[in-house]
Amino acid sequence: MSGAPPRSRRAGILIPLFSLVSSRGWGIGEITDIRPVARWLESAGQRILQLLPINEMPPGETSPYSALSAMAVDPQFIAVHALEDFGATGGEQALAAGLRERLDAAREAAAIDYRSVREVKQAALRRSYAHFRDRELASGTRRASSFLAFCEDQAWWLDDYALFRALHAHHGERSWFDWPTPLRERHPHALHDARQRLADDLRFRQYMQWVAADQWGSARDETPGVQLFGDLPFMVSGDSADVWARQDEFRLDASVGVPPDAFSATGQDWGLPVYRWDLLAERDLDWLRNRARRNADLFDGYRVDHLVGFYRTYYRPLDGGEPAFVPDTEEAQQWLGERVLSVFREPGTEIIAEDLGVIPDFVRASLTRLDVPGYRVFRWERQWHEPEHPFRDPLEYPASSVATSGTHDTEPMTVWWEGASQAERKAVLAIPFFCQRLSREDLSEALGSQEPSRILREAMLELLFASGSDILLLPIQDLFGWRDRINQPATVSDGNWTWRLPWPSDRMVTEPDAMAMATQLREWSRVHGRLTD
């Protein structure tokens, strides 16, 4: 397929942006926190920072996989303390006492307090925008010209997004399904009137995206040794700018999900609308092409979430009808999936495929033929058709694959090992690499102890560095043996999506444990051909 950049043997770390809380941050990881983390990654010989989606989420939502927009960066990631307009208005000291108290509490919280972060940042950003509007826009300054140029250049997505977001706020953050009919159905005169009435709020929404783009561009420019990888969610929320603007391209009488799998015996219902693949195909997949264009502006590469859904989408009719796949034939599914992957690759961005769960053989064959790396999650890579289900030796993973110890949806490696049966542990330790690296005493301890020893954990990590996969992406929890989980699939919990690093992200390059791990990671990268000096 055209557009795919050449690959090299690399290693990287998965850390959600929201987890990168710094000493100056406002209780959540921010765009400017990418820089210090990237410096730590460079010291560790790691060349990829894998993030989760950064799209704007609805108020009250914490899952980055249910977004208000497939294009907009969530303003909660803006580093307000680094914003020129905020400083010009007096900075934190000018915040109302109640807001300062909430900010202090959010900074000290053990987990991310999304509500406080959003409310305090919105107040600060509105004040910053008012200063920019009255001092910069009114005077036609250089920054004003930069802002207007951004709005013109990004109008292909920014105009609909800003209007949607302003209308959403104007209607008390109610879903667009509940708006007055002329706005819900996008009557031209109603949209024109709304743009006039809400002009200042539209500018505010555009301003926040301009600020986010400026900070993001600076973060990328200042971290040339580390590639930023994003995550393209399979779908956005029905209550989103994209669905509102392109209503005929989605089925709103059905819901996307997955059939029964290892995470859920009954399958999952995500409550998201279904693509009208027939109409999208007639329009040459233009909305997906726009998503690819936007992701190419932000990232060096990205993970395609729920890859199999782009070949065949599993949906449940809202009227209780039988679940089904669309398209409904293998020939049509293969054509669709390969066309979508071609579109994603058009801008020249590197893509990797989240091909986990129930995946038909023809989809895996398609990925191999197209040279799109799929995932090899160590704990699931077993030869299920052989007696006792031996583990596949990671040294034999195909080069066109992504080796990993787990994902944001799995329990950390330490917790997995604690719950592993004796048979599963024996199958792991039968891999030749462990027999070569571990003594008899170490192997015996690994079978009998509750949690993995440091020696065993490091042997597992080094085995993945040695794997045949060109790309290695490890959740940061597994490097340090942490037990903290990012998400529990098919659950709604205050603990999901709220985990933050145990130390400020800007101190990683001085934190003794972090730097000791950086030294070890760099050595493994050197020994196993994943380091380019």
Side-chain angles (χ1 to χ4, degrees), residues 6-15 41-50 226-227 229 303 350 352-353 355-356 368 371 373-383 386 389-407 410 412-414 416-417 420 424-443 445-447 452-481 516-533:
R7 286 198 310 271
S8 61
R9 194 165 164 81
R10 290 158 291 163
I13 309 300
L14 164 64
I15 321 176
L41 289 171
E42 284 191 277
S43 73
Q46 306 302 287
R47 296 164 58 195
I48 299 173
L49 172 57
Q50 172 72 66
V226 173
Q227 295 178 298
F229 269 48
R303 167 188 180 270
E350 186 173 1
I352 57 179
D355 57 342
L356 306 174
T368 298
D371 196 28
Y375 269 67
R376 297 293 183 271
V377 181
F378 173 69
R379 69 189 70 174
W380 295 334
E381 285 297 311
R382 304 184 69 169
Q383 300 177 54
E386 295 188 15
H389 313 311
F391 277 79
R392 292 189 176 92
D393 190 336
L395 300 182
E396 298 175 1
Y397 290 174
S400 183
S401 67
V402 180
T404 185
S405 55
T407 74
T410 63
M413 188 169 66
T414 291
W416 163 68
W417 185 259
E424 187 172 21
R425 291 185 178 195
K426 287 180 180 179
V428 169
L429 298 175
I431 297 173
F433 186 90
F434 293 115
C435 299
Q436 298 164 6
R437 288 294 196 279
L438 302 179
S439 67
R440 288 185 178 180
E441 291 76 12
D442 291 331
L443 291 170
E445 180 184 354
L447 284 174
S453 65
R454 177 180 173 182
I455 292 174
L456 175 60
R457 176 167 52 82
E458 292 186 350
M460 288 182 176
L461 294 173
E462 184 178 3
L463 173 56
L464 291 173
F465 271 86
S467 72
S469 303
D470 279 344
I471 299 175
L472 170 64
L473 293 174
L474 294 171
I476 192 169
Q477 288 91 334
D478 290 349
L479 300 182
F480 295 93
M517 179 54 66
T519 300
Q520 181 63 82
L521 293 174
R522 189 173 189 88
E523 177 63 11
W524 286 335
S525 295
R526 184 192 66 78
V527 170
H528 299 293
R530 299 185 186 275
L531 180 64
T532 302
D533 288 313

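Hydrogens, waters and symmetry mates play no part in the numbers below; they use all other heavy atoms, side chains included.
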What residues, two or more places apart in sequence or in another chain, satisfy salt bridge (Lys or Arg N to Asp or Glu O under 4.0 Å) together with Arg379?
-> Glu411

Judged by atom type as modelled, is there a donor-acceptor pair below 3.5 Å linking the side chain of Ser405 to the main-chain atoms of Leu474?
-> no

Distance (rounded to the nearest 0.5 Å) between Trp417 CH2 and Leu456 CG | 5.0 Å

Let me check something: any side-chain donor-acceptor pairs from residues 427-434 under 3.5 Å, sequence neighbours excluded? List them with distances.
none

To the nearest 0.5 Å, tell me how far Asp393 CG sits from Glu381 CD.
-> 11.5 Å

Non-hydrogen atoms of Arg522 and Glu42 that approach each other most closely = NH1-O, 3.0 Å

Least distance between heavy atoms, Trp416 atom then Phe378 atom = CH2-CE2, 4.0 Å

Do other residues, nucleotides or ligands put more than 12 heavy atoms under 6.0 Å from Ile455 CD1?
-> no

Under 3.5 Å donor-acceptor pairs involving side-chain atoms of residues 464-472, not counting sequence neighbours:
{"unit_1": "Ser467", "atom_1": "OG", "unit_2": "Leu464", "atom_2": "O", "d": "2.8"}
{"unit_1": "Ser467", "atom_1": "OG", "unit_2": "Arg530", "atom_2": "NH2", "d": "3.3"}
{"unit_1": "Ser469", "atom_1": "OG", "unit_2": "Ser401", "atom_2": "OG", "d": "2.7"}

Heavy-atom check, side chain of Thr404 versus side chain of Pro475, under 4.5 Å = yes

Backbone N or O of His389 within a donor-acceptor pair of the Arg382 side chain at under 3.5 Å?
-> yes

Distance from Leu14 atom CG to Leu479 atom CG, nearest 0.5 Å?
-> 10.0 Å

Could I get the full list of side chain to side chain donor-acceptor pair (under 3.5 Å) partners for Arg303, not counting sequence neighbours?
-> Asp231

Output all residues satisfying side chain to side chain donor-acceptor pair (under 3.5 Å) with Gln46, sequence neighbours left out; order by chain, then residue number.
-> Ser525

Distance, nearest 0.5 Å, that separates SG of Cys435 from CG of Leu443 = 6.0 Å

Side chain to side chain contact (heavy atoms under 4.5 Å, CB included) evaluation trace for Thr410 with Trp380 | CA-CA 11 Å; Thr410 63; Trp380 295 334; 3.6 Å; yes

Kindly give the heavy-atom pair with the smallest separation between Ser8 and Arg10, and that separation in Å.
-> O-NE, 3.0 Å

To the nearest 0.5 Å, tell me how far Gln227 CD sits from Leu41 CG.
-> 12.0 Å

Sorted by chain and number, sequence neighbours left out, salt bridge (Lys or Arg N to Asp or Glu O under 4.0 Å) with Arg454 holds for Glu458

Working to the nearest 0.5 Å, report the span between CD of Gln477 and CD1 of Ile15.
-> 8.5 Å

Could you tell me whether the side chain of Leu461 reaches within less than 4.5 Å of the side chain of Trp524, counting heavy atoms only?
-> yes

Would a 4.5 Å heavy-atom cut-off, applied to side chains only, mark Gln50 and Val402 as touching?
-> no

For side chain to side chain contact (heavy atoms under 4.5 Å, CB included), just list the numbers for Glu350 and Ile48, CA-CA rounded to whole Å, side-chain angles, deciding distance to a tenth of an Å, and then say yes or no.
-> CA-CA 12 Å; Glu350 186 173 1; Ile48 299 173; over 6 Å; no

Please answer whether the main-chain N or O of Met413 pairs with a side-chain N or O of Arg457 as donor and acceptor at a distance below 3.5 Å.
-> no

